[in-house]
**Student:** 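Pasting in a structure now, in structure tokens, and then I'll have a few things to ask.
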There are 2 protein chains.
Amino acid sequence: MASIKDVAARSGVSVATVSRVLNGHPSVSPAARERVAAAAAALGYRPNAVARSLRTHQTRTLGLVISDVLNPFFTELARAVEDAARALGYSVVIGNADEDPQLQDHHMSTLLERRIDGLLVSPTDGGSALMTDAAASGTPMVFVDRWIPGLDVPVVRADGRAAVRDLVAHLHSLGHRRLAIIAGPAATTTGNERVDAFREAMREFGLPLPEEYIGQGDFRAASGRRATARFLDLPEPPQAVFAADNLMALGAMDEIRSRGLRVPQDVALAAFDDIAWFVHTDPPITAVAQPTAELGHAAVRALIDRVEGREAASVTLSARLVVRRSCGEPEGSKR
Amino acid sequence: MASIKDVAARSGVSVATVSRVLNGHPSVSPAARERVAAAAAALGYRPNAVARSLRTHQTRTLGLVISDVLNPFFTELARAVEDAARALGYSVVIGNADEDPQLQDHHMSTLLERRIDGLLVSPTDGGSALMTDAAASGTPMVFVDRWIPGLDVPVVRADGRAAVRDLVAHLHSLGHRRLAIIAGPAATTTGNERVDAFREAMREFGLPLPEEYIGQGDFRAASGRRATARFLDLPEPPQAVFAADNLMALGAMDEIRSRGLRVPQDVALAAFDDIAWFVHTDPPITAVAQPTAELGHAAVRALIDRVEGREAASVTLSARLVVRRSCGEPEGSKR
DNA sequence: CTGAAAGCGCTTACAG
DNA sequence: CTGAAAGCGCTTACAG
């Protein structure tokens, strides 16, 4: 592949001049500019970004470590991140941790070795040594969606508390009294927060929340199914199940169906995270919607602020309840 | 950030020796090995992959350009690609073309400038100059799913012909005679092939396929909806609609519903691409399933073969029909 | 087993 | 406006 040297030779100037025209430096004569452009085109010259990065100490690349690409919430987030980054002249490389702390560390290492300019992460677990190091090491970092308490890293997230309260109010108004929740991993902030918000709302409505109505999940479909099975095996099963993410809601639906039960007639179902498919499931699912694209954009802005030496603050957006038909909503109600 | 020089200084050896222990070169004394390891750990040394790449002329990175990350088929493909690549010691960086040829070229350029070792692409359009150049330029390349005829690049794909024929047979056996198809962009191979296979099967079953039963889509939901609207406005609307991808099927479902019609009672619906959500839609959707993960794995194997100087052949896997309930299948039929 | 040195492809002060 | 030169952080033949 042609290098800057080849372009210099062909256009009869030094590599310094070639570099200048390639970078749009103003002090180059029009003649030189033209000859270099012609030579570069003729040779099919393509700048070597790795050499440039070594020299300039920047890669114009952001890393994004997410816990599960197959989860539509994260896919959408990744998409928003890439869009925002591109608009600001950055590329993004994604590491999919697959909810596995070791794989997460693998991606963090790889990204750090590649000298990405900044790192966006939605941590899978409670924080490994690597995560702490990275935060301290000087690589600009920002947490999105999930975060790790105690680290001095800005957090861009949505607060679902009010929306979860609205959901409990909604279920209560539909006559449901025995409400259960499928929680995410206790090691994740989102895992905890959603349960906390739910517990608080239940208290507000004077509804009991026995331990056996709190199922333990891991944000994947299979765990939602297992937790639901446990609920349904109870002598007094819940009337409504709230899954702390969309994949676990899917698992819950599978389990309910496989027992010949119906949603919402036999068990009401609601989910945290709203995704395009929820409109098309049978029945359409009532969910707490996060402003996913805004989260991605805000996270990129915050990260690039840090990368470029500006201050970056945490940002908290809010979620909202989207009512559909999975909780026994009356037929005529707005969808 | 500490460099190899710092590690050398701290351990009292040359950078050459440090490099050797870091790379597991055999001829290093155990004593040196130990001192270097200790120094590296103490300094929190993290090798600089960009310097290494500049020197070795390899990045151990593969590029993957797909047409739409939000399409579950491609998300799954990307996931499989990453898994396979990681197992072989490579990272992958994804470029999302968003079905936009210009954006596709942007990603191709970026990837090429970053000197990825090889490129996996599922082309959005019929092939830009950049695509042709890249194929000729020496960067190892492999097409997955979609490809561009006329380029000397191995293709890893699934042949849906037999499965599409099975689908037509299935629809025919259920009594449907007026079958319509929502095609993908004519500039994509998958866009064409699926229509061809459909047309051929229709002929085999002695079914007419009038022009107005061939809707033009672009693999996105909105286009599926528009095409379906056109079908339903026809004086004699089709009894069954086959969408050439999952997103267009979603759009078709939206349009059918918004007119107060039901699937499958009023219109039967089937899709190319099977995705997890099709089990949960109302009704569950009959679809042609591609062996997505296998496609991803085979594509990576082929690409790495080329990267590492081995021969790589094209591979064609086959798709299969998955019968569910969206075509008017009798209640008791196997799902 | 070890080190000095060259070189990967760029950018950028410095001098003219 | 232009070029020679240094240097980014590595790896690796070469010599010892």
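Chain naming here is simple, since letters A, B, ... match the order of the sequence lines and numbering starts at 1 in each.
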**Student:** Applying a 4.0 Å non-hydrogen cut-off, can you work out what B:His25 is touching in the nucleic acid: base, sugar-phosphate, or nothing?
**Tutor:**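 No contact at all - B:His25 keeps every heavy atom at 4.0 Å or more from the nucleic acid.
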**Student:** At less than 4.0 Å, is any side-chain N or O atom of A:Ser14 found next to OP1 or OP2 of D:dT2? Yes or no.
**Tutor:**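 No.
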**Student:** For the pair B:Asp6 and B:Arg10, find out whether any cationic side-chain nitrogen is under 4.0 Å from an anionic carboxylate oxygen.
**Tutor:**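 Salt bridge between B:Asp6 and B:Arg10, a charged N being under 4.0 Å from a carboxylate O: no.
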**Student:** To the side chain of A:Ser27, which of D:dT2, C:dA4, D:dT11 is closest?
**Tutor:**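 Of the candidates, D:dT2 comes closest.
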**Student:** Can you check the B:His57 NE2 to C:dC10 P distance for me, whole Å?
**Tutor:**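 Nearest whole value for this atom pair: 11 Å.
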**Student:** In terms of side-chain heavy atoms of B:Asn23, which of C:dG9, D:dT11, C:dC14 is nearest?
**Tutor:**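 Comparing C:dG9, D:dT11, C:dC14 against the side chain of B:Asn23, the answer is D:dT11.
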**Student:** Without decimals, in angstroms, what is the distance between B:Gln58 CD and D:dT11 P?
**Tutor:**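 Those two atoms, CD and P, are 11 Å apart.
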**Student:** Is the phosphate of C:dT12 approached by A:Thr56 (side-chain N or O, under 4.0 Å from OP1 or OP2)?
**Tutor:**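 No, outside the criterion.
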**Student:** Ignoring the backbone of A:Thr17, work out which of D:dC10, C:dG9, D:dT2 is nearest its side chain.
**Tutor:**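 Among the listed nucleotides, the one closest to the side chain of A:Thr17 is D:dT2.
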**Student:** Quickly work out the B:Lys5 NZ to C:dA4 P distance and round it to whole Å.
**Tutor:**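 Computing the B:Lys5:NZ to C:dA4:P distance gives 13 Å.
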**Student:** Hunt down the Watson-Crick or G-U wobble partner of C:dC1, both distances under 3.5 Å, from any strand shown, or write none.
**Tutor:**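 Answer to the pairing question: D:dG16, which forms a Watson-Crick or G-U pair with C:dC1.
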**Student:** Looking only at atom P, what distance separates D:dC10 and D:dC14, rounded to whole Å?
**Tutor:**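 One P to the other, the span is 24 Å.
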**Student:** Go through the N and O atoms of the side chain of B:Arg55 and the base of C:dG9, and report whether any donor-acceptor pair is under 3.5 Å.
**Tutor:**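 By the distance-only test, no, there is no pair.
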**Student:** Side chains of B:Ile66 and B:Ile94: does their closest heavy-atom pair fall under 4.5 Å?
**Tutor:**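 Side chain of B:Ile66 against side chain of B:Ile94, heavy atoms only: contact under 4.5 Å found.
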**Student:** Out of C:dT12, C:dG3, D:dT12, which nucleotide sits closest to the side chain of B:Val13?
**Tutor:**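 My answer, after comparing the listed nucleotides, is C:dG3.
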**Student:** Considering every strand and a 4.0 Å limit on heavy-atom distances, what is the contact class for A:Ala32: base, sugar-phosphate, or nothing?
**Tutor:**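 Answer is sugar-phosphate: A:Ala32 comes under 4.0 Å of backbone atoms only.
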**Student:** Do any side-chain nitrogens or oxygens of B:Asn48 fall under 4.0 Å of OP1 or OP2 in D:dC8?
**Tutor:**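 Result: no.
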**Student:** Quick one: B:Leu54 CG to D:dG7 P, roughly how many Å, whole number?
**Tutor:**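 Going from B:Leu54 (CG) to D:dG7 (P), I get 17 Å.
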**Student:** Would you say the base of C:dG9 and the side-chain of B:Arg115 have a donor-acceptor pair closer than 3.5 Å?
**Tutor:**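 Answer no: no donor N or O sits under 3.5 Å from an acceptor.
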**Student:** Verify the distance criterion only: is there a donor paired with an acceptor across the side chains of B:Arg157 and B:Thr189 at less than 3.5 Å?
**Tutor:**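 No, because no side-chain N or O of B:Arg157 sits under 3.5 Å from a partner of the opposite role on B:Thr189.
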**Student:** Is a side-chain donor or acceptor of A:Ser19 paired with a backbone partner of A:Val15 at a separation under 3.5 angstrom?
**Tutor:**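 No, because the side chain of A:Ser19 does not come within donor-acceptor range (under 3.5 Å) of the backbone of A:Val15.
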**Student:** What distance do A:Ile116 atom CD1 and A:Ser53 atom OG have between them, rounded to the nearest 0.5 Å?
**Tutor:**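 Taking CD1 in A:Ile116 and OG in A:Ser53, the distance rounds to 12.0 Å.
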**Student:** Just to be sure I understand the rule, does A:Ser29 reach a base, reach only the sugar-phosphate, or reach nothing, if contact means heavy atoms closer than 4.0 Å?
**Tutor:**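 The answer is sugar-phosphate, as A:Ser29 gets under 4.0 Å only of primed atoms, P, OP1 or OP2.
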**Student:** Round to a whole Å and report the spacing from CD of B:Glu113 to C1' of C:dT11.
**Tutor:**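 That distance rounds to 16 Å.
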**Student:** Between B:Ser3 and D:dG9, is there a contact of a side-chain N or O with OP1 or OP2 at under 4.0 Å?
**Tutor:**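 Answer is no, no contact under 4.0 Å.
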**Student:** How far, in whole Å, is D:dT12 from D:dG16 if one measures between their C1' atoms?
**Tutor:**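 Looking at atom C1' only, D:dG16 and D:dT12 are 16 Å apart.
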**Student:** What I want to find out is whether B:Arg301 reaches B:Glu308 closely enough, with some N-O distance under 4.0 Å, to be called a salt bridge.
**Tutor:**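 Looking at B:Arg301 and B:Glu308, the cut-off is not met.
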**Student:** Measure from CD on A:Glu34 to P on D:dT2 and round the result to the nearest Å.
**Tutor:**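 A:Glu34 atom CD is separated from D:dT2 atom P by 13 Å.
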**Student:** Between B:Arg20 (CZ) and C:dC1 (P), how many Å, whole number?
**Tutor:**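 About 11 Å, once rounded to whole Å.
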**Student:** Whole Å only: how far is the CG atom of B:Asp6 from the C1' atom of D:dC10?
**Tutor:**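 Going from B:Asp6 (CG) to D:dC10 (C1'), I get 13 Å.
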